[in-house]
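Down below is the structure, laid out as C-alpha cells.
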Amino acid sequence: MSINHNEIIASRIKELRIKKGISQKTVADFISLSPNAYSRVENGYTQITVQNLYLIAECLNIKIEEILEIEKNVFNNDGAIFGAQKNDG
C-alpha cells in the first residue's frame, strides 16, 4: 500500500475550505493562482508549495498544523507508515 501525502494534504485542504464555506476562487485569488491551477492543487494533481500551504492556512484562518493533521490509523505503533518497507538490518 502506497500513501500519497500530496493527495492526503489536498483532500484535507478541500475538506477545511468547504467546512469554512470559502470558494476555490477565493483561495485561488488569495494565493495568486488561477482557479484552474488551484483546483489541480486541491485535487492532488499538482504538488503544493510550502509558501502556498501557509497562504492557504492564512486564507482559511487556521493554523497550518490543522492542514497537516494525518489520521492516526495510517501509522504503525512504531510510527512507521503502513505499507512502508521496514529495514531490520
Quick check: is [Y] connected to [X] through a chain of hydrophobic side chains (ILVMFWY, heavy atoms under 4.5 Å apart)?
{"X": "Ile64", "Y": "Ile56", "answer": "yes"}
{"X": "Tyr54", "Y": "Ile9", "answer": "yes"}
{"X": "Val27", "Y": "Leu68", "answer": "yes"}

Is there side-chain contact between [X] and [Y], with at least one heavy-atom pair below 4.5 Å?
{"X": "Ile62", "Y": "Lys20", "value": "yes"}
{"X": "Val41", "Y": "Asn52", "value": "no"}
{"X": "Phe30", "Y": "Thr26", "value": "no"}

Between [X] and [Y], which heavy-atom pair has the shortest distance, and what is it?
{"X": "Lys25", "Y": "Pro35", "answer": "CG-CG, 4.4 Å"}
{"X": "Gly44", "Y": "Ala10", "answer": "N-CB, 3.6 Å"}
{"X": "Asn6", "Y": "Ile48", "answer": "OD1-N, 3.7 Å"}

[atom1]/[X] to [atom2]/[Y] distance, rounded to the nearest 0.5 angstrom?
{"X": "Glu58", "Y": "Ile31", "atom1": "CD", "atom2": "CD1", "value": "11.5 Å"}
{"X": "Glu66", "Y": "Leu60", "atom1": "CD", "atom2": "CG", "value": "9.0 Å"}
{"X": "Ile13", "Y": "Gln24", "atom1": "CD1", "atom2": "CD", "value": "11.0 Å"}
{"X": "Ser32", "Y": "Tyr38", "atom1": "OG", "atom2": "OH", "value": "13.5 Å"}
{"X": "Leu55", "Y": "Thr49", "atom1": "CG", "atom2": "OG1", "value": "7.5 Å"}
{"X": "Asp29", "Y": "Ser34", "atom1": "CG", "atom2": "OG", "value": "10.0 Å"}

(request) Report yes or no: does Arg17 contribute a side-chain atom to a donor-acceptor pair with the main-chain N or O of Ile22 at less than 3.5 Å? (result)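 Yes.
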(message) Between Glu15 and Arg12, does any side-chain N to carboxylate O distance fall below 4.0 Å?
(response)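 Yes.
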